[in-house]
Amino acid sequence: MNTEPETELHLGFSADGASATPWSEARKRLEDADLAWLTTVRPDGRPHVTPVIFAWLDGSLYFTTGPGERKTQNLAGNAHCIITTGSNALDEGLDVVVEGEATLLGDAARLKQVADAFATKYLPRLGAHPFHPALRDGTFIAEGGENLVYEVRPTRAFGFGKGGEFSQTRWRF
């Protein structure tokens with residue numbers, strides 16, 4: 001998906017003279033980040049946050065998890081989630097927060113594309129790392145077992161520019 005989202009600078013949370021961050025810059029951060037933080041909602045309404053490896057492909061984020069993990073249980077009851085990546089430094093970088101709904105991926109052809117995206121992103125540096133998922137007989141395998149693959153298509157995203165020009169940008173899809 002190559003549709004550009006509607007972009008808006010939030011003046012109340014941006015430095016004087018700041019400009020909106022282009023979606024292309026935020027997308028690049030999503031493509032390049034090693035880890036993201038996935039936030040889901042437990043059945044009792046409490047948040048659950050955990051780091052995940054992920055891939056950006058054709059306008060969506062993809063992550064994997066085991067069938068019995070807390071995030072899988074949470075998503076079964078409430079598909080809304082947030083994926084966050086960025087830097088812990090206050091004086092540099094861009095933090096990106098993506099809101100969307102996680103959808104369980106089952107299409108074999110798309111699973112192959114996602115597996116290839118994970119391999120392209122992680123294999124050159126990590127090799128056969130136990131957290132690196134691989135496609136075997138149409139099933140994602142990681143950490144020695146079968147994994148589910150979820151797709152999150154952004155509905156809204158935020159960018160928090162830090163350093164010389166603090167800014168807050170919102171993108172609506």
Counterpart residues, side chain to side chain contact (heavy atoms under 4.5 Å, CB included), relative to Pro51 (two or more places apart): Trp37

Option passing side chain to side chain contact (heavy atoms under 4.5 Å, CB included) with Leu57 (candidates Val114, Asp116, Thr120): Val114

side-chain contact (heavy atoms from CB on, under 4.5 Å) evaluation trace for Val41 with His48: CA-CA 6 Å; Val41 180; His48 175 260; over 6 Å; no

[X] versus [Y], closest heavy-atom pair with distance:
X: Asn147; Y: Gly66; answer: OD1-N, 3.7 Å
X: Phe54; Y: Leu30; answer: CE1-O, 3.1 Å
X: Thr72; Y: Pro67; answer: CG2-O, 3.3 Å
X: Thr7; Y: Ala20; answer: CG2-CB, 3.8 Å

Donor-acceptor pair between Thr65 and Glu69 side chains, under 3.5 angstrom: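 Distance-only check passes for Thr65 and Glu69.
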
Glu151 and Thr103: side chain donor to acceptor below 3.5 Å: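 Absent: no donor and acceptor within the cut-off.
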
Derivation of the side-chain contact (heavy atoms from CB on, under 4.5 Å) call for Glu4 and Ser24: CA-CA 9 Å; Glu4 288 295 312; Ser24 60; 5.7 Å; no

Within 6.0 angstrom of Asp16 CG, more than 12 heavy atoms from elsewhere: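 12 or below, so no.
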
Roughly how far, to the nearest 0.5 Å, is the [atom2] atom of [Y] from the [atom1] atom of [X]?
X: Glu101; Y: Thr155; atom1: CD; atom2: OG1; result: 7.5 Å
X: Thr64; Y: Leu148; atom1: OG1; atom2: CG; result: 9.0 Å
X: Glu31; Y: Lys121; atom1: CD; atom2: NZ; result: 9.0 Å
X: Trp56; Y: Arg27; atom1: CH2; atom2: CZ; result: 7.5 Å

Whether Phe160 and Phe158 hold their rings parallel, tilted or perpendicular, with breakpoints at 30° and 60°: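 Parallel, since the angle between the ring planes stays under 30°.
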
Aromatic ring pairing Phe63/Tyr150, orientation class (parallel under 30°, perpendicular over 60°, tilted between): parallel

Test log, rule side-chain contact (heavy atoms from CB on, under 4.5 Å), inputs Arg110 and Asp58: CA-CA 11 Å; Arg110 191 60 173 174; Asp58 299 333; 3.0 Å; yes

Check residues 78-93 and write down every donor-acceptor pair under 3.5 Å in which the side-chain atom is one partner and the other belongs to a residue at least two apart or another chain.
{"unit_1": "Asn78", "atom_1": "OD1", "unit_2": "His80", "atom_2": "N", "d": "3.0"}
{"unit_1": "Thr85", "atom_1": "OG1", "unit_2": "Leu35", "atom_2": "O", "d": "2.9"}
{"unit_1": "Ser87", "atom_1": "OG", "unit_2": "Ala89", "atom_2": "N", "d": "3.0"}

